[in-house]
Amino acid sequence: MYTQALNASQSDELTGEDAAKISRFEARVAAEERIEANDWMPAAYRKTLTRQISQHAHSEIVGMLPEGNWLTRAPTLRRKAALLAKVQDECGHGLYLYAAAETLGTSREELVDQMLSGKAKYSSIFNYPTLTWADIGTIGWLVDGAAIMNQIPLCRCSYGPYARAMIRVCKEESFHQRQGYEIMVTLSRGTPEQKAMAQGALDRWWWPCLMMFGPPDQQSQHGDQSTRWKIKRFSNDDLRQKFIDATVPQARYLDLKIPDDNLRWNEATGHWDYGDIDWQEFNNVLAGNGPCNRDRLAARRKAHDEGAWVREAALAYAEKQKRKTTAAA
Amino acid sequence: MTVQNISLWEVFIRSRNGLAHKHVGSLHAADAALALRAARDIYTRRGEGLSIWVVPSNAIIASDPADKEMLFEPAMSKIYRHPTFYDVPDEVGHM
Amino acid sequence: MATAICIQNSALFMYVLGRADDALILGHRLSEWCGHAPMMEEDMALANMGLDLIGQARELYTYAAEVEGAGNDEDKFAYLRDVQHYRNVLLVERPNGDFAQTMMRQFFYSAFADCYWRAMMSSTDPTLAAIAAKSEKESAYHLRHSSEWIIRLGDGTDESHRRAQSALNDLWPFTGELFQANPEDDALFAGRIAVDPRGLLQPWTENVTAILRSARLTLPQSQWMQKGGRSGQHSEHLGHLLSELQSLQRTYPNATW
């Protein structure tokens, strides 16, 4: 899941690159041709994509942690198996995405280092804690729901390897949101305590989920170039609106209240109007001050550091085998 | 500390007998046996495959996209290689 | 769901329950790795093995419930029994430790499960035979995966060798219980409903020592074997595992999840 519109597109100087090559490239993109790994591409396109795909990959991997927090406490065996399969899928999606990013010339190791050192970002949503079982339902329902809105257009991204990875991700992800919503249906039909648990989770996750679509269009530094390059196909606000419109009736079915007193159906626009998003909170979480930023990075660093001897062992064994084969030849 | 990177492998899956192996993505593994195992765990979780190939990524020799015109355009003009180039009278029927 | 369930005591029921407990506890342990493995490729593999085992546990619990006929189900068995009612071998409740400990535990268990389930495919009990047919394929893969890692860890670097050897020394005493037969199981063996695990010791030992030899690892001298899990005498670790596993069901009795 989980790309987040948070990359500030850097308007690299295009001078120095062959203007004819650039215009040929842009014509191909405009004609909806896919760009493949070996094709010539402007340095800024490569850089923007490497950053976006790797951030997306980091988000999948860090995203395993909040849900992983409930794997050992899932309340039935059916839920336990579904959650383990889902969190594992996220790992798989991270893998597909690192593989796509690597085709642009930066190794996975380098990309992971950028994340572990805090230099590269990942989706802000994973810096919030999962406090009750209802958070697992809510993440599937809302966080995956928001991610799907973001990701479906990426299946038509101009960069072939990214688009193919996203097709695979979207296909596999179709069960994630349903898994979450099913948990919410069960809780909202359950005991008063369970219903309160569900409402509490919605209260905590609603606004952070709306932030997943990135800053409002008038502030977004993104826009033009990514749109022209067909990396981005819809604006942050358009996707956010689409998400809200889809989610309101689902919340209503659960008989849960979305924590926004300004949420109103607008007959004229045919959309739901919503209240102001606290962008200060968003920027604060991005800056590293969310409730779990430190814990998430610490967990990833720990896994990386403690796994080093295993990776070294596998390499050492492969080296030895190679030497044996060469000696025998 | 610079640790050597674990090698990159390209993965090809045959989804059912009768079909060719198709490229599905890549992975990292220290050797061929681990690569095969990882390919199974990563790329066939939903019954996508009956057979797997893993190939070291650096063993693949690719054509240069800059040569695309030289390599592929000459074939475009040879329309006489295609059956529709030839007229067969309708009375003869399907051929 | 009630706060506790009463366990009926029939040989077949207790037998099936024990096998289900083995699979659940080991699957649970593997799920603890999710998101924390040494590399992403291995995160995928550990979760796959965990899912296979949880799947086996569910089928076995469901069959146990059918045999018992007391209206229990997989979740009641998993979530509403206390430590002393669990019948898994001690090996599977060992904590994950480092990757060498986890792989050694998996290797010992899978080497057993592989020959156990293959033999159980000819059980005269059709349900067990069907579960065996599915579980055997899964276990064969787990065995191959864990064997490959044992060889790489044992014959990798000095550090990985040291860790693998210490995992072997720590876990070896827990392997004997896999081959222990309870007196009440005799009728099941006689009716060829279940296989006598004592007969699996020799092939297991041959397989395991061959892999350990290629891994340049040495078997510990001591032949002392721990036991107790099959009769409900567990280590301290299981209680903590269950307190986590069962926390929601215990905190909110009678809720549906």
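In what follows, chains are A, B, ... by sequence order, proteins preceding strands, each numbered from 1. All of these numbers come straight from a predicted model, not from anything done at the bench.
- Note that the CH2 atom of Trp133(A) and the OG1 atom of Thr186(A) stand 10.0 Å from one another [nearest 0.5 Å].
- In terms of heavy atoms, Asp21(C) sits closest to Arg87(C) at OD2-N, 2.8 Å.
- If you tally non-hydrogen atom pairs under 4.5 Å between each of Thr76(A), Thr191(A), Thr132(A), Leu71(A) and chain C, the highest count goes to Thr76(A).
- Distance CD/Glu172(A) to CD/Gln88(A): 9.5 Å, rounded to 0.5 Å.
- Residue contact with chain A, scored on non-hydrogen atoms closer than 4.5 Å, is absent for Asp158(C).
- A salt bridge is absent between Arg94(C) and Asp170(C): the closest approach of a Lys/Arg side-chain nitrogen to an acidic carboxylate oxygen does not fall below 4.0 angstrom.
- The greatest number of non-hydrogen atom pairs below 4.5 Å with chain C, out of Arg300(A), Lys302(A), Arg78(A), Gln321(A), is found for Arg78(A).
- Side-chain contact between Val16(C) and Tyr61(C) is absent, with no heavy atoms from C-beta onward closer than 4.5 Å.
- Counting heavy-atom pairs under 4.5 Å between each of Gln194(A), Arg79(A), Glu306(A), Arg311(A) and chain C puts Gln194(A) at the top.
- The residue among Met40(C), Gln246(C), Glu42(C) with the most heavy atom pairs within less than 4.5 Å of chain A is Met40(C).
- Taking each heavy atom of Met212(A) and Ala146(A) in turn, the nearest pair found is SD-CB, 3.9 Å.
- Between Gly290(A) and Asn293(A) the shortest heavy-atom distance is N-OD1, 2.7 Å.
- Of the listed residues Ala85(A), Gly190(A), Gly68(A), the one with more heavy-atom pairs under 4.5 angstrom with chain C than any other is Ala85(A).
- Here Met44(C) is the residue among Met44(C), Met103(C), His161(C) with the most heavy-atom pairs under 4.5 Å with chain A.
- With a threshold of 4.5 angstrom between heavy atoms, Leu241(C) does not approach chain A through any atom at all.
- Cation-pi check for Arg81(C) over Tyr86(C) is met; the charged atom lies under 6.0 angstrom from the ring centroid and within 45 degrees of its normal.
- When each of Leu77(A), Val62(A), Val310(A) is scored by its heavy-atom pairs under 4.5 Å with chain C, the top score falls to Leu77(A).
- Ranked by heavy-atom pairs shorter than 4.5 Å toward chain A, the options Ala47(C), Ala100(C), Gly27(C) are led by Ala47(C).
- When heavy atoms are compared at a cutoff of 4.5 Å, Arg163(C) approaches chain A solely by way of its side chain, counted from C-beta outward.
- Trp149(C) touches chain A through its side chain: at least one heavy atom from C-beta onward sits under 4.5 Å away, while N, CA, C and O do not.
- For Ala37(C), the part lying under 4.5 angstrom from a heavy atom of chain A is the backbone only.
- Using modelled atom types and a 3.5 Å distance limit, the side chains of Ser188(A) and Asp255(A) yield no donor-acceptor pair.
- Here Leu51(C) is the residue among Leu51(C), Leu153(C), Asp43(C), Thr157(C) with the most heavy-atom pairs under 4.5 Å with chain A.
- Cation-pi contact between Arg73(A) and Trp70(A): present, with separation from the ring centre below 6.0 Å and deviation from the ring axis of at most 45°.
- At a 4.5 Å heavy-atom cutoff, the contact between Ser31(C) and chain A is made by backbone and side-chain atoms alike.
- For Ile61(A), the part sitting under 4.5 Å from any heavy atom of chain C is the side chain, from C-beta outward, and nothing else.
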